[in-house]
Amino acid sequence: MKVMIKQFASAIILILVMSVSVYAAGKGKSAVVTIKTSAICGSCKVRLEKAVKAVDGVEEALLNLNSKKMKIKYNPDKTSPERLREVISATGYDADGIKKNEQAFGKLPQCCQVPMPGDKD
């Protein structure tokens, strides 16, 4: 009986060590990109963070409304900064040099549709 308990305990410890190793190996594959957006309010923040976090490979997305910059932590094996900019644009916001999708912009709440300097009237 004591031998079985020792074998069981050893197996559990081995599984835990392997799990931690696999978890730690996956955590190392991260990159961070900061993207300038045209977001202006809390509603924009919630919408953009939700859209970007839905992208496969995104670990974190945080928009600073004061600077209008979104800091995104992602797995470069699963997505890219270009893809993240496309998602922001498709949500209705500028993303660095990529202009917002006008159709998506038109569906945003009025508070999010304040014209930015340089936009066409």
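Heavy atoms only: backbone and side chains are in, while hydrogens, waters and symmetry mates are out.
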Could you state whether L48 and F105 fall into the same hydrophobic cluster, counting links through intermediate Ile, Leu, Val, Met, Phe, Trp or Tyr residues with side-chain heavy atoms under 4.5 angstrom apart?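 Same hydrophobic cluster.
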
Is V33 reachable from I98 through a run of I, L, V, M, F, W or Y residues, each pair having side-chain heavy atoms under 4.5 Å apart? no

Any heavy-atom pair between the side chains of [Y] and [X] that's under 4.5 Å?
X: E60; Y: K71; value: no
X: K100; Y: E102; value: yes
X: Q113; Y: Q110; value: yes
X: L65; Y: L63; value: yes
X: K78; Y: V58; value: no

Do any N or O atoms from the side chain of K36 and from the backbone of S67 form a donor-acceptor pair under 3.5 angstrom? yes

N/O donor-acceptor pair under 3.5 Å between S89 side chain and K99 backbone: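 Yes.
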
Counting neighbours of NZ on K69 that are heavy atoms of other residues, nucleotides or ligands and sit closer than 6.0 Å, is the number greater than 12?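 No - once you tally the heavy atoms of other residues, nucleotides and ligands closer than 6.0 Å, there are 12 at most.
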
What heavy-atom pair brings [X] and [Y] nearest, and what distance separates the two atoms?
X: I88; Y: D94; result: CG2-O, 3.6 Å
X: P76; Y: K29; result: CD-O, 3.7 Å
X: C112; Y: L108; result: CB-CB, 3.9 Å
X: A104; Y: T91; result: CB-C, 3.8 Å
X: V87; Y: A51; result: CG1-O, 3.8 Å

CG of D96 to CZ of R85, rounded to nearest 0.5 Å, is 4.5 Å

Distance from I72 atom CD1 to K53 atom NZ, nearest 0.5 Å?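 Result: 11.0 Å between the selected atoms.
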
Before giving the answer on side chain to side chain contact (heavy atoms under 4.5 Å, CB included), spell out for L84 and M70 the whole-Å C-alpha distance, their side-chain angles and the decisive distance to 0.1 Å. CA-CA 10 Å; L84 299 170; M70 178 173 263; over 6 Å; no

With N64 via side-chain hydrogen bond (donor to acceptor under 3.5 Å, both in side chains) - residues at least two apart: none

Can you sort out the partners of E86 under side-chain hydrogen bond (donor to acceptor under 3.5 Å, both in side chains), two or more places apart, ordered by chain and number?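 Scan of E86 (side-chain hydrogen bond (donor to acceptor under 3.5 Å, both in side chains), adjacent residues dropped) gives none.
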
Going by distance alone, is a donor N or O of one side chain under 3.5 Å from an acceptor N or O of the other, for R83 and Y74? no

